[in-house]
2 protein chains.
Amino acid sequence: MAGRAGVSQATVSLVLRDRWRGRVSPARAEAVRAAARELGYRPNEAARALRLGRGRTVLVVVPALTNEFFARMHAGAVRVAEEDDVGVVLYNSPLGSGPARDPFVSAGAAVDGVLASSMAADALTTLSDGGLPLVMLDSAPGGRAAATVNFDIGAATRHVSRHLLDLGHRRFAHIAADVDSWTFRERARVLAEELAAVPGARLLATCRAPIALPGGVLAAEQALAPRAGSRPTALVCDDDLLAVGACKAARRLGLRVPEDVSVTGFDDLTLAVAVEPELTTVHLPGEELGARGMRALLAVLRGERPGTTVLPATLVRRGSTARPPAA
Amino acid sequence: MAGRAGVSQATVSLVLRDRWRGRVSPARAEAVRAAARELGYRPNEAARALRLGRGRTVLVVVPALTNEFFARMHAGAVRVAEEDDVGVVLYNSPLGSGPARDPFVSAGAAVDGVLASSMAADALTTLSDGGLPLVMLDSAPGGRAAATVNFDIGAATRHVSRHLLDLGHRRFAHIAADVDSWTFRERARVLAEELAAVPGARLLATCRAPIALPGGVLAAEQALAPRAGSRPTALVCDDDLLAVGACKAARRLGLRVPEDVSVTGFDDLTLAVAVEPELTTVHLPGEELGARGMRALLAVLRGERPGTTVLPATLVRRGSTARPPAA
DNA sequence: CTGAAAGCGCTTACAG
DNA sequence: CTGAAAGCGCTTACAG
């Protein structure tokens with residue numbers, strides 16, 4: 001490339017990285033750019049990374065990209081990374097367990113930092129060993145993370161609980177995600193807290209299920225099974241997939257949603273408005289979470305200390321909740 | 001690292017890359033491994049890529065990862081890549097248009113090959129300029145691609161058409177994806193062909209919409225709008241999202257699915273079994289598509305010529321199709 | 001304003 | 001069996 005334009009390597013580098021002003025004559029700069037264009041010259045990223053000692057690349061770790069929520073979060077993170085010309089490599093850590101392989105090996109790239117979302121507690125530990133700048137999303141604040149970006153899960157769970165309590169519900173069941181992570185522990189904690197504050201309100205059952213349709217069906221069937229005189233009238237689900245499963249279960253048991261049983265979800269996936277009745281759920285802006293998280297990681301990489309950010313999570317009232325049956 | 005273990009750089013490289021047999025004494029090899037473990041030594045991937053002239057990294061290009069189908073395909077591709085210790089960088093090319101930015105820049109990594117799925121025709125052109133080994137998924141065979149992996153879209157569309165024709169449907173509408181790509185052109189072509197072969201069968205309308213719920217609703221409302229005496233009794237949709245939207249539209253118009261109107265989808269997303277009635281749709285094994293595609297790309301990278309693979313796509317009959325109303 | 005040179009951390013012939 | 005050396009393609013002081 002340098003030979004072709006009749007200038008030195010240094011000049012090429014200066015011009016192409018736009019650091020030439022005052023160091024290379026405008027005429028030469030233009031000549032270099034023209035030659036680069038003509039040759040379709042593409043600087044070798046590996047050499048650049050080697051020389052610079054960093055890759056302008058970050059690792060994004062998500063439990064499962066086939067979950068729409070994480071796909072959104074990833075999209076937000078990538079959008080922000082691109083603005084800064086930072087590459088993103090993805091590592092899929094299976095939900096609820098530590099990374100099966102060393103993510104830094106499988107990434108196959110020099111990684112400057114890590115953005116990890118909704119990790120289970122033990123997965124987090126494995127990740128911390130990397131020694132790289134780490135930003136955690138939707139996770140317990142503190143720990144080794146240089147910064148954390150969370151939703152206000154507490155407030156969201158309070159809104160869900162109060163919405164159902166205000167409608168008159170007193171008998172609840174929690175269809176819980178079978179994942180040991182901060183976000184789900186928080187939901188269980190606040191739900192229990194809110195119900196405890198209202199005389200007569202009771203949590204009749206907590207049924208755990210993996211986050212998927214069949215899991216939700218099974219767990220809800222269990223929760224709605226006839227028991228000593230009282231069946232829950234409200235099913236609080238940790239995820240829209242579980243909620244949709246719960247609706248299916250209710251229908252199979254001959255119960256109508258929302259006339260006989262109210263169901264709430266979490267996430268506000270496309271799914272939530274695909275089913276009928278549409279799901280009352282908590283809107284979690286995943287794209288925004290990813291974008292904020294990436295912004296925080298980029299800040300950490302620049303040496304700043306962005307700390308903890310909390311994003312609002314809003315209750316969206318739709319058709320799957322109503323007053324409990326008169327009985 | 002070399003200094004620490006008291007051996008040369010070369011020895012370290014040989015041992016860690018497992019090329020030491022017959023060249024380094026077993027005792028030394030073990031010493032090197034021990035030192036590496038103790039120091040938490042991680043070979044610099046950038047240097048390795050520079051020296052080797054390749055990154056052991058491939059670029060996967062998908063229109064949108066927030067679409068479950070592409071997320072599955074990506075998962076399959078990554079699974080296979082990991083087996084070979086090949087890294088995957090992702091490029092999100094907006095549906096229906098060429099990449100907004102140079103994917104090779106935004107990847108920020110040395111890329112050895114490209115795996116691209118369901119690209120619109122013009123996006124493909126941009127991609128071809130890369131000059132890298134290219135494997136296309138779910139796309140027109142031929143072109144610059146070294147290999148292609150496709151679903152048998154023709155057979156699948158024939159199955160859908162015959163299923164509806166066999167049920168007695170004669171008045172059809174096509175809710176088509178508003179994307180100019182091989183897979184969708186193929187569906188339109190075969191549907192027209194099948195209907196032409198049956199006397200009395202007619203395609204009353206083709207309504208286009210972006211692949212999303214609201215688009216499906218709008219397009220189906222249009223398709224079902226009262227027109228000169230005849231309304232379609234079967235809606236063939238290019239995607240499950242469109243099909244779910246079509247079901248919603250039908251219900252809003254006071255029509256029952258499947259009693260008054262039958263609806264079919266494509267993809268077999270989670271969505272398909274979330275709604276009620278569950279969707280009759282074409283199961284497209286996306287994970288398998290991604291896995292086969294990556295296998296083909298890896299073969300191309302080894303200098304083989306894998307050619308074209310066609311994966312079966314099967315019709316799944318569920319609740320959204322039935323005999324047309326007696327009228 | 002411009003070029004020659006050093007060096008980032010690896011891998012791979014090559015010489016001992 | 002082992003080590004010294006070259007070189008991958010960049011960027012950045014440094015000397016002219």
Side-chain angles (χ1 to χ4, degrees), chain A residues 1-36 39-57 85-87 102 104-105 107-112 131-132, chain B residues 1-36 39-57 85-87 102 104-105 107-112 130-132 301:
Chain A
M1 165 68 202
R4 181 65 160 70
V7 300
S8 77
Q9 255 187 83
T11 307
V12 172
S13 175
L14 255 20
V15 171
L16 262 34
R17 293 300 160 194
D18 212 29
R19 301 175 169 287
W20 61 276
R21 272 154 229 296
R23 295 197 265 184
V24 178
S25 65
R28 289 217 141 187
E30 186 42 45
V32 169
R33 268 191 300 257
L39 267 53
Y41 169 75
R42 209 182 279 299
N44 182 315
E45 287 292 338
R48 181 174 157 75
L50 176 58
R51 176 60 237 243
L52 262 28
R54 67 206 153 72
R56 291 204 66 70
T57 298
D85 214 47
V86 164
D102 182 344
F104 304 100
V105 168
V111 162
D112 300 324
L132 289 166
Chain B
M1 164 68 202
R4 179 66 160 70
V7 300
S8 76
Q9 255 188 85
T11 308
V12 173
S13 174
L14 255 18
V15 171
L16 263 33
R17 292 300 159 194
D18 213 28
R19 301 175 169 288
W20 61 277
R21 272 153 229 297
R23 294 197 266 183
V24 178
S25 65
R28 289 217 141 188
E30 186 43 43
V32 169
R33 270 190 300 254
L39 268 53
Y41 170 74
R42 207 182 279 297
N44 182 317
E45 287 293 338
R48 181 174 156 77
L50 176 58
R51 175 61 235 246
L52 262 30
R54 67 204 153 73
R56 292 203 66 68
T57 298
D85 215 48
V86 164
D102 182 343
F104 305 99
V105 168
V111 161
D112 299 325
L132 290 166
L301 259 22

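Sequence lines set the chain letters: A, B, ... in the order given, protein chains first and strands last, and positions in each chain run from 1.
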Study note, to complete from the structure: Closest to the side chain of A:Ser25, out of C:dT2, D:dG3, C:dT12, is C:dT2

Check your understanding: Can you tell me how far P of D:dT12 sits from CG of A:Leu16, to the nearest Å?
Key -> 13 Å

Review point. What's the shortest heavy-atom distance between A:Val12 and A:Val32, and which atoms?
Key: CA-CG1, 4.1 Å

Check your understanding: If only side-chain N and O atoms of B:Arg23 are considered, is one of them under 4.0 Å from the OP1 or OP2 phosphate oxygen of C:dC14?
Key -> no

**Study point:** Which atom of B:Asp112 lies closest to which atom of B:Leu301, heavy atoms considered
**Key:** O-CD1, 3.6 Å

Study note, to complete from the structure: Per atom distances to the B:Arg17 side chain, the nearest of C:dT12, D:dT11, C:dT11 is C:dT11

Point to revise | All stems with DNA chain D, defined as three or more consecutive Watson-Crick or G-U pairs under 3.5 Å | key: C:1-3 with D:14-16, C:5-12 with D:5-12, C:14-16 with D:1-3

Review point. Which nucleotide in the list C:dT12, C:dT11, C:dG3 gets nearest to the side chain of B:Leu14?
Key: C:dT12

Review point. With a 4.0 Å cut-off on heavy atoms, is A:Thr11 in touch with a base, just the backbone sugar-phosphate, or nothing at all?
Key: sugar-phosphate

Exercise for review: Look at B:Arg51 and C:dT12 and indicate whether a side-chain polar atom (N or O) is within less than 4.0 Å of OP1 or OP2.
Suggested key: no

